[in-house]
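Right, one structure below, let's go through it.
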Amino acid sequence: MRTWMQVVEGMGQLVRVDGASWDLEMGAVADVVFRESPLRPCVLFDNVPGYPAGFRVLVNLLGTLERQALTMGLAHTTSAVEFTDRLRRKLDAPSSIPPLVVADGPVLEHVQRGDDIDLWKFPVPRWNTLDGGRYLGTGSVVLMRDPDTGWVNAGTYRVQVHDRDQLTVYISPGKHGRIIRDKYFALGKPAPVAISFGHDPLLFWVSCQKVPWGKSELDLAGALRGEPVHVVEGPLTGLPIPAGSEIVIEGEMYPDRMITEGPFGEFTGYYASSSRPEPLVQVRAVYHRTDPIICGVPTGMPPTDNTFTSQYAAPALLWNTLERSGVIDVRGVARLESTMSFITVVSIQQRFAGHAKQALLAAAQAGAYLGRFIVVVDDDIDPTDTNEVLWAMGTRVDPERDIEIVKRTASGPLDPIVPADRKGFASLALIDATRPWEWLKDFPPTVSVPAELRQRVIDRWGDRLGVPRAARSGGA
Ligand SMILES: Cc1cc2nc3c(=O)[nH]c(=O)nc-3n(C[C@H](O)[C@H](O)[C@H](O)COP(=O)(O)O)c2cc1C
Ligand SMILES: [Mn+2]
């Protein structure tokens, strides 16, 4: 993480803020940066009132395409479709590099056990006004071992601090960490867990992605980086702890010790899962570096750094899934910026009658969780461009023919439209916003300025018209 921060600072995308309070101010700064600053820099908070200098919080890690490209080892591009395409090709490569176990690492510089444990010594933020507490984990990496196979999963789940040595981890139904946790509970055993709260942003990113069950996110991180993640064996749990992590805890979750978790301002922009009892995590050990850095990913009404983190990644994975399930000529897959998983757009070059419906059905089954609308558009529409997608929906959809509703698809506790006592299912609309196959050739032509003519006028009069330099031929 520290090397990454140096590179980002060199790019002019890291800002230091001194004196912001853990209580709502850091969350507010993150919100302002994401909404008001075109540069969307990373922000490093230091000298937090009431805490030693050097105990820091970093927010807005992956808030620009440039920082995402840096993190995933991709060449930078300003085209979102191009970025998604590069990312999915890299993710499709079958390589997998397992972690390398090392004897020691910076994470073990400071160790606390038993009565010495005090999680309040870190500047744990309260992010949003109605949050029921302070959350050390928002950009966390939660490591758990499947008791049946020994496979280790890494997932990003929020972590609330309740006491010096007590936490809760909120894991939605169906997530890998939840399934693993429940396997231990079914055996009547506590579930061992190691949680990292600050780390290489690549580890955070892989933990947020829907890597298939049984596949290790750490192996994927190794493959993306081209070298193994260095880990130390957790002294208490044996779990692989990233050797360069900033702060890590080891402990156990208990099936019979429940404590109220939440509310928490969630990525949907609501406090929808409210508060409910969750299994307590008893912390047995804390490890941290000198001058540790918490990795914070606060939420609010999207877009936020939270939703931006999966803005291209989830579509990239879906694009690969569509290809594997036999949908040909997919030209792009995207999420509309403010909608997260709720609106997914697939663009195709139509090849046969029913191609659009095939793409819709395949996308519906692959990405149903917290989905609301899946839209298929023709390849003249940029699926990442909200205006173009809404234009296609407004002009190429005859609702009674082109919208289909699939009932009882996967939702979850975070879905704001489902009442608390009925969480679990929702419905999904499939919208065919392509020009109808039967009269594709006779569909009214679109009105647009030819590319060559457009470039010519930009080159000639762009300056006077206030067109950014980059749009010009040979522009930067
Ligand atoms: C910043 C961020 C925070 C997240 N917080 C949670 C959370 O609190 N609980 C949860 O169940 N999923 C959360 N998610 C989604 C999971 O990280 C994601 O579904 C991931 O695939 C889970 O890993 P798994 O597939 O191994 O279960 C979050 C995602 C992001 C990007
Ligand atoms: Mn997983």
Side-chain angles (χ1 to χ4, degrees), residues 27 30 34 58-63 68 71 91 96 125 127-128 131-133 135-146 149 151-160 167-183 193 195-197 199 201-221 261-269 271-273 275-276 278-279 281 294-300 302-314 316-318 335 340-341 367-371 410-415 423:
F34 217 82
L58 183 70
V59 299
N60 200 11
L61 285 82
L62 302 178
Q68 294 206 3
T71 306
L91 289 168
S96 156
W127 296 107
N128 281 299
D131 283 359
Y135 281 77
L136 179 57
T138 47
S140 55
V141 174
V142 178
L143 297 153
M144 300 180 79
R145 190 186 298 280
D146 178 29
T149 63
W151 152 66
V152 174
N153 186 68
T156 294
Y157 316 116
R158 73 194 194 215
V159 183
Q160 183 179 354
L167 303 169
T168 47
V169 183
Y170 173 76
I171 318 178
S172 285
K175 306 279 173 176
H176 297 162
R178 175 92 166 223
I179 297 170
I180 292 172
R181 180 193 89 182
D182 291 348
K183 283 190 184 186
V193 61
I195 309 175
S196 173
F197 297 102
H199 29 251
L202 179 64
L203 294 180
F204 158 64
W205 185 84
V206 293
S207 294
C208 294
Q209 306 316 325
K210 212 177 150 196
V211 176
W213 171 261
K215 290 246 184 315
S216 162
E217 285 82 2
L218 297 181
D219 295 8
L220 173 62
E261 194 274 347
F264 180 72
E266 291 160 351
F267 76 96
T268 59
Y271 298 87
S273 76
S275 56
R276 79 228 80 63
E278 295 290 340
V281 177
I294 298 169
C295 170
V297 189
T299 33
T304 61
D305 190 33
N306 180 308
T307 58
F308 198 78
T309 295
S310 297
Q311 177 85 21
Y312 307 104
L317 289 165
L318 178 56
R335 288 176 165 188
M340 308 127 324
S341 52
Y369 174 70
L370 283 188
S411 168
L414 271 60
D415 193 339
K423 298 282 192 194

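One-based numbering, in listed order, for ligands and for the atoms of each.
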Nearest non-hydrogen protein atom to atom 3 (C) of ligand 1, with distance, is Asn306 ND2, 3.5 Å
Output yes if Ser207 passes the N/O/S-under-2.8 Å test against the Mn ion (ligand 2); output no otherwise. no
Are any of the heavy atoms in Ala154 under 4.0 Å away from ligand 1? yes
Go through ligand 1 atom by atom and flag the ones less than 4.0 Å from a non-hydrogen atom of Gly155. 23 (O)
Relative to the heavy atoms of Ser207, which atoms of ligand 1 are at a distance of less than 4.0 Å? 17 (O), 20 (C), 22 (C), 23 (O)
If you take all heavy atoms of Gly174 and Ile179, which pair is closest and at what distance? O-CD1, 3.6 Å
Do me a favour and list the nearest non-hydrogen protein atom to atom 30 (C) of ligand 1 with residue, atom name and distance? Cys208 SG, 3.7 Å
Once rounded to the nearest 0.5 Å, what's the spacing between atom CG of Leu218 and atom OG of Ser96? 10.5 Å
Nearest protein heavy atom to atom 21 (O) of ligand 1, by residue and atom, and its distance? Gln209 O, 3.1 Å
Nearest to atom 19 (O) of ligand 1, what protein heavy atom do you find, and at what distance? Lys175 NZ, 2.6 Å
Does Arg158 pair with Glu278 as a salt bridge, N-O distance under 4.0 Å? no
Residue pair Ser172 / Arg178, side-chain heavy-atom distance below 4.5 Å: no
Checking a contact table here: which protein heavy atom is nearest atom 25 (O) of ligand 1, and how many Å away? His176 ND1, 3.5 Å
Atom pair CG (Leu91) and CG (Leu220), whose distance is rounded to the nearest 0.5 Å: 6.0 Å
Please confirm whether Gly174 approaches ligand 1 to less than 4.0 Å, judged on its heavy atoms. no
Please state which protein non-hydrogen atom is closest to atom 8 (O) of ligand 1 and give its distance, to 0.1 Å? Arg158 N, 2.7 Å
Backbone, side chain, both or neither: what part of Asp305 comes under 4.0 angstrom of ligand 1, heavy atoms only? neither
Nearest N/O/S atom of Glu217 with respect to the Mn ion (ligand 2), by atom name, please. OE2
Would you compute the distance between atom CE of Met144 and atom CH2 of Trp151 and round it to the nearest 0.5 angstrom? 10.5 Å
For Lys210, the ligand 1 atoms with a heavy-atom partner under 4.0 Å come out as 21 (O)
Parallel under 30°, tilted from 30 to 60°, perpendicular over 60°: which one fits the rings of Phe264 and Tyr135? tilted
Given Val193, Val281, Thr168, Ile195, the one that forms side chain to side chain contact (heavy atoms under 4.5 Å, CB included) with Val159: Ile195
Checking heavy atoms under 4.0 Å, the part of Glu217 that sits near ligand 1 is side chain
Just jot down the ligand 1 atoms closer than 4.0 angstrom to any heavy atom of Ile171, in number order. 11 (O)
What I'd like to find out is whether the side chain of Ser310 reaches to under 4.5 Å of the side chain of Phe267, using heavy atoms alone. no
What do you reckon, does Asn153 have a nitrogen or oxygen under 3.5 Å from a nitrogen or oxygen of ligand 1? yes
Contact summary for Asn128 and Thr299, nearest pair of heavy atoms: ND2-O, 3.0 Å
Any donor-acceptor pair under 3.5 Å linking the side chain of Ser273 with the backbone of Leu414? no
Hey, which atoms in ligand 1 end up nearer than 4.0 Å to a heavy atom of Thr138? 1 (C), 3 (C)
Below 4.0 Å, non-hydrogen atoms only: which portion of Thr156 touches ligand 1? Side chain, backbone, both or neither. both
State, with a plain yes or no, whether a side-chain heavy atom of Thr156 is found less than 4.5 Å away from one of Phe204. yes
Only N/O/S atoms count here: what is the atom of His176 closest to the Mn ion (ligand 2) called? ND1
Single hit among Asn153, Ile171, Asp146, Val211 for side chain to side chain contact (heavy atoms under 4.5 Å, CB included) with His176: Asn153
among protein heavy atoms, the one nearest atom 11 (O) of ligand 1 is Ser172 N, 2.8 Å
Could you check atom 10 (C) of ligand 1 against the protein and tell me its nearest heavy-atom contact, residue, atom and distance included? Tyr157 CD2, 3.5 Å
